[in-house]
Amino acid sequence: MHNTQRCAIWYSAVLLFKLATFPIIIGFTRLRRKIFVAEEDAQFFGGQVKFGDLVIERLRRAHLNDLENILPFLFLFLLHASTGVAEITEIATLGWIFTATRLFHTVFYLCAAPQPLRAACWTLGVLCNIYIAYQLLTSSY
């Protein structure tokens, strides 16, 4: 396996770990706050059915935003790393920037940090996706 692929797989694993842990965090938050969306869960755990809890909804929206942004990145990123066109420094830089922006985006979202902090993180991530897509499209000819 080439070093660019190893690097891409490492950053992808970090991002997938982030995606995989968020539902667990949301579930534990529901248990701790005793707020559920299903009546049977509320009865079993001694809580209440409630939609729109600010804390849980903020967690859910942060996770949905990750799904909308990380999944396209992973596809583009791994494809780009496997083409052999990209150098290791390019893959490492893209992986670092995107991963850092997603982590900071989540922190800013959960802490309700003032804009434009969260928007700047989102924009940097989208620019990474655009750059990779452009590289894939122009290097294929």
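Atom CZ of Arg58 is surrounded by more than 12 heavy atoms from other residues, nucleotides or ligands within 6.0 Å. The environment of CD in Gln115 is crowded: more than 12 heavy-atom neighbours from other residues, nucleotides or ligands sit within 6.0 Å.
Proximity of a side-chain donor or acceptor of Asn65 to a complementary backbone N or O of Arg61 within less than 3.5 Å is not detected. In terms of modelled atom types and a separation under 3.5 Å, the side chain of Glu39 and the main chain of Gln43 share no donor-acceptor contact. No donor-acceptor distance shorter than 3.5 angstrom exists from the side chain of Thr99 to the backbone of Trp96, with no hydrogens or angles considered. For Thr21 (side chain) and Lys18 (main-chain N/O), a donor-acceptor pair under 3.5 Å exists by modelled atom type.
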Start with the C-alpha gap between Phe98 and Tyr11, add the side-chain angles, then the distance that decides, and say whether ring-ring contact (aromatic ring centres under 6.0 Å, His included) holds. CA-CA 9 Å; Phe98 188 85; Tyr11 280 109; over 10 Å; no
Quick one: do Leu94 and His80 satisfy side-chain contact (heavy atoms from CB on, under 4.5 Å)? Show the steps, please. CA-CA 11 Å; Leu94 285 166; His80 188 45; 4.3 Å; yes
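At least one side-chain heavy atom of Gln5 sits under 4.5 Å from a side-chain heavy atom of Ser82. Residues Arg30 and Val37 form a side-chain contact, since some pair of their non-hydrogen atoms from C-beta on lies under 4.5 Å apart. The shortest side-chain heavy-atom distance between Ile88 and His2 does not fall under the 4.5 Å cut-off. Looking at heavy atoms from C-beta onward, Thr106 lies in side-chain contact with Phe22 at the 4.5 angstrom threshold.
Ile26 pairs in a side chain to side chain contact (heavy atoms under 4.5 Å, CB included) with only one of the listed residues (Leu31, Val55, Leu59), which is Leu59.
Under a cutoff of 6.0 Å and an axis angle of 45°, Arg118 and Tyr109 form a cation-pi pair.
By the rule that hydrophobic residues join a cluster once side-chain heavy atoms approach within less than 4.5 Å of another member, Leu127 and Ile132 end up as members of separate clusters.
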